[in-house]
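Along the sequence shown, the residues carry numbers beginning at 1.
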Amino acid sequence: MRKEILINATSDETRIAITEDGRIAELFLETPETERNVGDIYLGKTGKVIPGIRAAFIDLGFPQDAFLHFSDISDSLDEYSSIIGDDSDFEDEEDDEEEEQQANGNRAVTKSGSRQNGNRNSSKEINLERGQDIVVQITKEPVGKKGFRVTSKVSIPGRYLVLMPFGSRIGISKKIYNSREKRRLRGLVKSSLPKGFGIIIRTVAQNQDDKLILDDLNNLITTWNDISTKLKTEKPPYLLYKDASTLNSVIRDLFREDVNKVIVDSKKLHKEIVSYLEITSPEFLSRVQLYSGNQPLFDSYNIEKQIQETMRRKVWLKNGGYIIIEPTEAMTVIDVNSGKYAKSKDQEVNSLATNIEAAMEIIRQVRLRDIGGIIVIDFIDLYDDRNKKKLYEEVRREFRKDRAKVTVLPISDFGLCQITRQRVRQNIIHTVSDTCMMCKGTGRISSRAGFLTRLERILQRYKGGSNGFFITLRVNPYLKAYLQSGFISAITKLSLKYFVWIKLEEDESLAFDDVKIISSKQDNKDVTEEYDH
C-alpha cells in the first residue's frame with residue numbers, strides 16, 4: 001500500500017490529507033477556530049464531584065467544565081492512545097522492584113503534590129473534593145454540548161518516547177516484534193530514566209540510533225521540569241503545557257517507515273518540517289517534498305473531490321450500489337443498498353459482493369469523517385452463515401488500518417453490524433460546516449400548505465383575545481414573497497377572513513418555516529410563544 005501525507009496551507013487554514021493508494025483515508029483541519037487541544041496539560045480546579053456517576057467536573061477556564069471520570073484516574077497504558085497517535089497497544093514490562101510502587105495504584109495529582117488512590121476496576125471512593133487543585137490532560141475534544149474529556153494521569157509525547165511523570169512502568173509498542181530490539185530499547189531507556197517516571201517506547205523508535213532516543217528522553221524530562229516549575233507558582237485555571245499543533249503532531253506521530261513521502265505546498269511549513277526531522281529523524285528528510293505545480297496541490301492529487309464526498313449523505317459504490325450515512329444524537333446509522341448491481345443470477349452472491357465493497361468504503365468514510373461512538377451498519381441480508389462470517393472478517397480486517405480503538409460485533413440475524421469506535425475529536429462534518437439555520441439540522445422544513453394552516457391557527461388565537469385589529473408577522477424573505485404572490489394573495493385572504501390587518505416584515509435570520517409575532521397593542525412585544533404553540 002502506497003501511503004502519502006499531503007499538506008495544503010492557506011493564510012488561515014492548514015489541511016492535512018493522508019492517502020492510501022491515492023485515496024484519502026484521513027483528513028485533519030487546523031484553523032484559528034479549530035485549535036487542537038488534545039494533549040494539553042492544565043492546572044484545574046475541581047468543581048462538582050458526583051459519586052453517583054463516578055465523575056467530577058474540572059474548571060479549565062473554558063465555558064464548559066471538563067469531564068473527569070473516576071476510571072480516568074487509573075494506571076492503564078491504554079488511556080494514552082488518544083494522545084500519541086496509533087501506538088495504542090503496548091506490552092507492559094515491569095521489574096519486581098517496580099511492582100511495589102505500582103501497588104499504591106494510580107494517583108490524582110494535586111497542586112500540593114498529594115496523590116489520591118484509585119483503580120479502574122475498583123469501586124473504592126475517590127478522595128476528590130470540590131475546590132481542590134488538580135493536574136489534568138485533555139484526551140478528547142468537546143462534542144456537541146459535552147465539554148472536554150480529561151485524565152489525571154498526564155503524559156508527554158515525543159518522537160520516539162512518551163514520558164509519564166507519575167508512572168513507573170516501561171511499555172513497549174506491540175508493533176515492535178523483534179525480541180532483541182525490545183531488550184535493547186528497554187535497557188537503553190531504563191538506564192537513563194530518572195526514578196519516579198514511566199515511559200512508553202513507540203513503534204518509530206525501532207532500529208533508531210541510541211543518541212536520538214536519549215535526546216528525545218532528555219527533551220521530555222526538560223519539558224516536565226518546566227511544567228513542574230509553573231505548577232509551584234501558578235493558580236488554576238492555568239495552561240501548563242501546550243501540545244503540538246495538528247501539523248506537528250501528524251509529523252511526530254504518523255510520519256513513519258510506511259509513509260512514502262510528504263508533500264507540502266508552503267515554503268514556511270516545509271522549512272519547519274525539515275528542521276524538525278533534521279533533529280529527530282534525518283533518514284526521512286529525502287521523503288519531504290515542496291510542491292511546485294501550477295494546479296492547487298489537492299486538485300493535482302484529486303483530493304478536493306474526495307473531500308466533498310465527506311459532506312454527502314449518499315456515497316456511490318463502483319458497482320452501482322450505494323451507502324447512506326445518517327448521523328443521529330445517539331449513534332451513526334449506515335444503510336447499504338445494492339442499486340442496479342446484478343452481476344450474478346444468484347442473489348446471495350450479488351448481496352455478498354455489494355456488502356464487501358460497501359464495507360471497505362464505509363470503513364474509509366468512518367476514518368475520513370472521524371465518526372466516533374456507536375455505529376450500526378445495515379447490510380443487505382445474507383442467508384448463508386459462511387457469508388455472514390466472511391463479511392464480518394472483512395470488516396474486522398479493514399478496521400485494522402484504523403488508529404482509533406474499534407470493537408466490532410458479528411453480523412446479527414437482522415443483517416446488522418454493531419461497532420463502537422473511539423471518539424477523540426469532532427466529526428469532520430461538524431468541523432467544516434454549521435447546522436443549517438433554515439432546517440435546524442433536520443434536513444426538512446414545513447410545506448407551504450402546512451405553514452398556511454399554522455398561520456391560520458395563530459390568527460384564530462390572536463383574534464380570539466382582545467389584541468386589536470393589527471398584527472406584525474416577521475418571516476423569511478422567500479416566505480414573504482410567497483404569502484404576497486397572486487392576484488389575491490394568501491395573506492390578503494387571511495386578513496379578510498379574520499378581520500385583522502397583517503403587516504409582513506422580512507427577517508433573513510429566520511428559517512423558511514419560522515415566524516415571529518409582534519403585537520402592536522403591546523408596544524411591539526414579541527408574543528410568538530403565546531400564540532404559536
Which residues share a side chain to side chain donor-acceptor pair (under 3.5 Å) with D385, sequence neighbours left out
none
Salt bridge D253-R159, side-chain N to carboxylate O under 4.0 Å:
no
Taking salt bridge (Lys or Arg N to Asp or Glu O under 4.0 Å) as the cut-off, I'd like each qualifying pair that reaches into residues 392-402, sequence neighbours left out, listed once.
E394-R397, E398-K401, D402-R421
So, using side chain to side chain contact (heavy atoms under 4.5 Å, CB included) as the criterion, who are the partners of D384 when residues are at least two apart?
E348, R386, N387
Residues forming a side chain to side chain contact (heavy atoms under 4.5 Å, CB included) with K267, sequence neighbours excluded
L290
Before giving the answer on ring pair (Phe, Tyr, Trp, His ring centres under 6.0 Å), spell out for F62 and Y42 the whole-Å C-alpha distance, their side-chain angles and the decisive distance to 0.1 Å.
CA-CA 11 Å; F62 294 98; Y42 277 84; 5.7 Å; yes
E257 meets the salt bridge (Lys or Arg N to Asp or Glu O under 4.0 Å) criterion, sequence neighbours left out, with R287
Holding to side chain to side chain donor-acceptor pair (under 3.5 Å), I want the full list of residues that pass it with N8, two or more places apart in sequence or in another chain.
R15, D265
Side chain to side chain contact (heavy atoms under 4.5 Å, CB included) filter on V259, not counting sequence neighbours, yields K3, I5, F255, V262
Can you pull out every salt bridge (Lys or Arg N to Asp or Glu O under 4.0 Å) where at least one residue sits in residues 268-282? Sequence neighbours excluded, please.
none
Salt bridge (Lys or Arg N to Asp or Glu O under 4.0 Å) with D215: which residues, sequence neighbours excluded?
K211
Could you work out, with side chain to side chain contact (heavy atoms under 4.5 Å, CB included) as the rule, every residue matching S192, not counting sequence neighbours?
L214, L217
Salt bridge (Lys or Arg N to Asp or Glu O under 4.0 Å) pairs, two or more places apart, involving residues 318-327
R313-E326
Mind checking side chain to side chain donor-acceptor pair (under 3.5 Å) for N260 and listing every partner two or more places apart, or none if nothing turns up?
none
